[in-house]
**Student:** 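Have a look at this one.
Model, not experiment: these values are computed from the prediction. For the numbers below, each heavy atom of this structure counts, side chains included, while hydrogens, waters and symmetry mates do not.
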Amino acid sequence: MKIALNGEERDVAPATSVTQLLHAAGYAEKRVAVEINREIVPRSRHAEWLLHPGDRVEIVHAIGGG
């Protein structure tokens with residue numbers, strides 16, 4: 001199925017969870033914020049939150065500096 005990930009179309013398997021998407025996109029070990037269709041998904045729900053066709057997903061990670 002197709003979703004939009006950070007503004008780019010991406011194919012993912014049906015019933016993909018946010019956790020699975022983070023692993024596939026290379027964000028598995030990073031502290032990120034995930035927004036799906038303008039709704040923040042709490043980290044505690046990443047494993048259970050399933051994606052649907054047409055979902056618009058934004059992943060934002062913090063970059064430290066000084």
**Student:** Output the distance between atom CG (Asn6) and atom CD1 (Ile59), rounded to the nearest 0.5 Å.
**Tutor:**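 Reported value, rounded in 0.5 Å steps: 5.5 Å.
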**Student:** Of all heavy-atom pairs between Ala47 and Ser17, which one has the smallest distance, and what is that distance?
**Tutor:**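 It is O-CB, 3.4 Å.
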**Student:** At what distance, to the nearest 0.5 angstrom, does CD1 of Ile3 lie from CG of Leu21?
**Tutor:**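 It is 5.0 Å, given to the nearest 0.5 Å.
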**Student:** Please, which pairs that meet side-chain hydrogen bond (donor to acceptor under 3.5 Å, both in side chains) have at least one residue in residues 23-42, sequence neighbours excluded?
**Tutor:**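 Found Asn37-Asp55.
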**Student:** Could you tell me if the side chain of Met1 sits less than 4.5 Å from the side chain of Leu51, heavy atoms only?
**Tutor:**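 A side-chain contact exists here, since the closest heavy-atom pair is under 4.5 Å.
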**Student:** To the nearest 0.5 Å, tell me how far Glu58 CD sits from Ile36 CD1.
**Tutor:**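 That separation rounds to 10.5 Å.
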**Student:** Find the distance between CZ (Arg43) and CG (Leu22) and round it off to the nearest 0.5 Å.
**Tutor:**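 Separation between the atoms: 8.5 Å.
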